[in-house]
2 protein chains.
Amino acid sequence: MDHQAKGTRKGRAALKADEAKVDLIAVVVAVNDSEPCLLTIGNADTLPSGPYALEHRSLQSGLRGWVEQQTGHPLGYIEQLYTFADRDRIGAERQERAISISYLALTRKEQATGSANCGWRSWYEYFPWEDHRSGTPVVLDILRPRLIEWAEGASDATTRRERRQRAAIAFGFDDRNWNEELTLQRYELLYESALIEEAGGGRDVAPAAVSGKAMIADHRRILATGIARLRSKIKYRPVVFELMRPSFTLLQLQRTVEALAGRLINKPNFRRLVEQQELVEETGETSLETGGRPAKLYRFRHAVLDDRAVAGTKLPLARA
Amino acid sequence: MDHQAKGTRKGRAALKADEAKVDLIAVVVAVNDSEPCLLTIGNADTLPSGPYALEHRSLQSGLRGWVEQQTGHPLGYIEQLYTFADRDRIGAERQERAISISYLALTRKEQATGSANCGWRSWYEYFPWEDHRSGTPVVLDILRPRLIEWAEGASDATTRRERRQRAAIAFGFDDRNWNEELTLQRYELLYESALIEEAGGGRDVAPAAVSGKAMIADHRRILATGIARLRSKIKYRPVVFELMRPSFTLLQLQRTVEALAGRLINKPNFRRLVEQQELVEETGETSLETGGRPAKLYRFRHAVLDDRAVAGTKLPLARA
DNA sequence: TCCGATTATATTCGATCTGACAATAAGGGG
DNA sequence: CCCCTTATTGTCAGATCGAATATAATCGGA
């Protein structure tokens with residue numbers, strides 16, 4: 001009565017009826033020189049990953065093992081992202097079931113111990129339309145007419161209206177505000193409209209500089225999921241500090257948040273928010289790196305992980 | 001180079017090295033008469049679940065299939081919660097790996113089509129300390145000294161301070177505010193301190209009326225995850241309407257939100273927020289159910305699922 | 001039919017928060 | 001000593017939020 005009727009199918013493939021392959025996939029992020037970077041292996045089009053195996057004590061430790069083995073990078077902060085069941089991935093014809101459990105990890109670039117066939121790439125190479133720090137990126141001037149065209153290409157009027165609306169919301173057309181958290185929705189729209197490489201077809205695919213670098217299988221979708229999650233999370237949890245050096249200036253902190261969010265923040269307001277939440281404390285030293293008046297150095301108050309636990313790091317973003 | 005060295009382990013059990021059993025588990029929620037209800041099977045201590053099988057087109061459709069088969073309930077809104085790898089669950093000794101992918105589903109009680117060995121229970125039967133609608137529940141008067149006792153029982157002073165602090169934050173001791181979103185943290189504290197049944201031991205377990213009804217395996221933890229997610233989500237996405245009838249009064253809507261959040265909301269402020277976000281529109285009819293002045297009936301504006309898509313239903317909660 | 005009990009709906013007010021802008025302070029270099 | 005650069009502090013109006021109050025509509029009993 002509990003788990004019923006598992007024997008009704010003909011066991012056709014190598015796998016038994018109720019078993020599946022389980023893969024662990026990592027989106028490993030660091031920020032360097034105001035640029036959000038992704039850890040990749042192979043041709044910079046693959047995320048670190050590997051099968052969940054018997055000797056792994058847990059999903060997390062399995063993931064750490066694979067990433068360290070493939071990239072030489074030990075991981076700090078880890079958070080589960082999403083679990084996909086991707087039939088297409090390995091073998092649709094063989095009817096294997098493959099499950100991918102994806103994780104978001106935050107580190108710093110320096111923690112590498114040499115090694116391996118891996119490297120860091122700005123995540124905006126994969127999503128050129130996501131970086132609004134210098135205003136609306138030019139690639140959107142190319143993508144917008146293509147998206148409109150796709151919307152108008154629908155057979156019935158209802159679908160057309162719906163498509164126009166979805167595109168307008170996701171990309172901020174028609175005087176709407178840009179919402180940096182909609183990274184996944186934007187990716188899915190571009191996928192549906194076949195403007196990017198993964199989306200089969202290929203005839204309508206925009207040039208790589210516009211549509212961004214593709215990745216194998218569904219890895220770019222997983223990256224989009226990670227970016228969206230991170231952009232949302234920095235607003236209510238102090239996770240940014242996982243990406244910072246032990247001591248830093250407030251401007252460095254701001255630039256890091258801006259790199260992740262893909263948009264600029266008002267400086268005084270950012271400072272006010274960080275200080276009034278008591279997220280940081282002065283080290284007493286100053287940094288002379290920037291030319292002008294020396295900036296005070298701060299360190300993260302680890303105490304907030306206890307007492308403030310949930311309050312969160314709101315970030316003040318410009319409205320329009 | 002991609003997925004390397006999968007043959008290094010001795011194939012010991014029935015399962016092959018890189019395969020695992022995958023279960024789908026559902027937390028199905030409805031709200032009836034201002035009471036948040038959970039759909040259970042068996043002895044009201046089991047969540048609907050079943051193995052992910054070959055004939056399932058996707059994880060979601062597999063889940064829908066199992067729930068409908070076990071309870072006769074078709075599901076509407078579904079959202080993935082978390083993926084657990086629970087060695088303990090099925091057979092630690094056999095070294096099987098079992099993966100549980102959990103989902104949160106929202107429906108209405110009426111949509112049942114009779115059938116089956118299942119039923120609805122208020123989720124506060126499992127978590128009596130979570131309902132603060134009538135002020136701080138009395139069970140906390142019993143749990144608090146037990147938690148303090150547990151905290152003071154630690155060997156070193158650092159651990160003691162840390163435990164006291166965690167308990168105070170999670171449960172709102174020492175004049176802190178109650179935070180309804182910390183359901184999972186509270187469950188984990190009670191688990192660690194062995195005050196609930198699942199936590200092995202048993203000698204310190206409080207009476208069932210205080211520690212709540214237990215569930216099999218880790219099902220109560222999964223429920224806690226679902227409650228926490230839902231309490232967080234109603235604040236920024238209009239998901240409440242999945243639980244409402246096609247037309248409803250604003251007070252009914254408020255009572256539903258309060259049931260989920262486990263705390264009361266200021267009436268005028270709630271109305272203001274709902275109206276200024278244009279989440280609902282009047283049907284033109286009124287409800288006479290309540291005795292006094294008839295309440296206007298409203299329906300959900302499905303348009304907001306498009307245009308406002310992400311804005312969100314903030315809910316105004318009392319501060320202290 | 002009038003009155004009060006009950007519930008729904010509308011309005012107001014002050015505290016706080018937020019975004020935008022301006023002003024001042026502290027270094028380096030000519 | 002002046003000027004340029006960057007850091008830091010301060011101000012102000014508008015929006016938001018929580019709390020409390022005032023008004024409206026129905027029912028039932030005197």
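Owing to the predicted nature of the structure, the values given are computational and were not obtained by experimental measurement. Order of the sequence lines fixes the chain letters, A, B, ..., with proteins taken first and strands second; residue numbering starts at 1 for each chain.
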**Student:** Within 45 degrees of the ring normal and closer than 6.0 Å to the centroid, is that where the cationic atom of A:R220 sits relative to A:W123?
**Tutor:**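 Ring-cation test returns no.
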**Student:** Of the nucleotides D:dT11, D:dC17, D:dT9, which one has an atom closest to the side chain of B:Q276?
**Tutor:**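 Of D:dT11, D:dC17, D:dT9, D:dC17 is nearest to the side chain of B:Q276.
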**Student:** Can you tell me the distance, in whole Å, between the CG atom of B:L253 and the P atom of C:dT9?
**Tutor:**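 It works out to 12 Å between those atoms.
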**Student:** Measure from CD on A:Q254 to C1' on D:dT6 and round the result to the nearest Å.
**Tutor:**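 Computing the A:Q254:CD to D:dT6:C1' distance gives 13 Å.
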**Student:** Within this structure, what is the CG-to-C1' distance between B:L273 and C:dA10, rounded to whole angstrom?
**Tutor:**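 Rounding to the nearest Å, CG of B:L273 and C1' of C:dA10 are 16 Å apart.
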**Student:** Atom CZ of B:F270 and atom P of C:dT11: how far apart are they, to the nearest Å?
**Tutor:**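 From B:F270 CZ to C:dT11 P: 19 Å.
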**Student:** To the nearest Å, how far apart are B:I265 CD1 and D:dA19 P?
**Tutor:**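 Checked: the CD1 to P distance equals 12 Å.
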**Student:** If only side-chain N and O atoms of A:K267 are considered, is one of them under 4.0 Å from the OP1 or OP2 phosphate oxygen of D:dA7?
**Tutor:**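 The answer is yes; a side-chain N or O of A:K267 sits under 4.0 Å from OP1 or OP2.
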**Student:** Under 4.0 Å between a side-chain N or O of A:R271 and OP1 or OP2 of D:dT8?
**Tutor:**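 It does, given that an N or O in the side chain of A:R271 lies less than 4.0 Å from OP1 or OP2 of D:dT8.
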**Student:** State whether the number of non-hydrogen atoms from other residues, nucleotides or ligands found under 6.0 Å of A:E285 atom CD is greater than 12.
**Tutor:**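 Counting neighbours around CD of A:E285, 12 or fewer heavy atoms of other residues, nucleotides or ligands fall under 6.0 Å, so no.
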**Student:** Closest approach to the side chain of A:N269, judged atom by atom: which nucleotide of D:dG18, D:dC17, C:dG19 is it?
**Tutor:**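 Of D:dG18, D:dC17, C:dG19, C:dG19 is nearest to the side chain of A:N269.
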**Student:** Do the side-chain N and O atoms of A:Y187 and A:Q185 include a donor-acceptor pair separated by under 3.5 angstrom?
**Tutor:**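 Absent: no donor and acceptor within the cut-off.
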**Student:** Tell me whether A:D141 at atom CG has more than 12 heavy atoms from other residues, nucleotides or ligands lying less than 6.0 Å away.
**Tutor:**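 Above 12, so yes.
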**Student:** Tell me what B:L251 touches on the nucleic acid: a base, only sugar-phosphate, or nothing, going by heavy atoms under 4.0 Å.
**Tutor:**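 Sugar-phosphate contact only.
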**Student:** Among the candidates C:dC21, C:dA25, C:dA10, find the nucleotide nearest to the side-chain atoms of A:R293.
**Tutor:**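 Minimum distance to the A:R293 side chain belongs to C:dA25.
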**Student:** B:K235 NZ to D:dT16 P: how many Å, rounded?
**Tutor:**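 These atoms are roughly 19 Å apart.
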**Student:** Which is it for B:I227 and B:F127 under the side-chain contact (heavy atoms from CB on, under 4.5 Å) test, yes or no, and what are the steps along the way?
**Tutor:** CA-CA 10 Å; B:I227 293 175; B:F127 300 99; 3.7 Å; yes
**Student:** With respect to the side chain of B:P294, which nucleotide from D:dA25, D:dT9, D:dA19 is positioned closest?
**Tutor:**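 Comparing D:dA25, D:dT9, D:dA19 against the side chain of B:P294, the answer is D:dA25.
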**Student:** Can you work out whether A:L288 or A:P268 has the more 5'-proximal nearest nucleotide on DNA chain C?
**Tutor:**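 Result: A:P268.
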**Student:** At 4.0 Å (heavy atoms only), tell me whether A:L250 reaches a base, stays on the sugar-phosphate, or touches nothing.
**Tutor:**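 Answer is nothing: A:L250 stays at 4.0 Å or more from every strand.
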**Student:** Which whole-number value in Å describes the distance from B:F248 CZ to C:dA8 C1'?
**Tutor:**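 For the pair B:F248 CZ and C:dA8 C1', the rounded distance is 16 Å.
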**Student:** Taking the minimum atom-to-atom distance to the side chain of B:N266, which one of D:dT9, D:dA19, C:dT9 wins?
**Tutor:**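 Minimum distance to the B:N266 side chain belongs to D:dA19.
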**Student:** Can you tell me how far C1' of D:dT26 sits from NZ of B:K296, to the nearest Å?
**Tutor:**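 Spelled out: NZ on B:K296 to C1' on D:dT26 is 15 Å.
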**Student:** Indicate, yes or no, whether a donor-acceptor pair under 3.5 Å links the base of D:dG10 to the side chain of A:R272.
**Tutor:**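 Answer no: no donor N or O sits under 3.5 Å from an acceptor.
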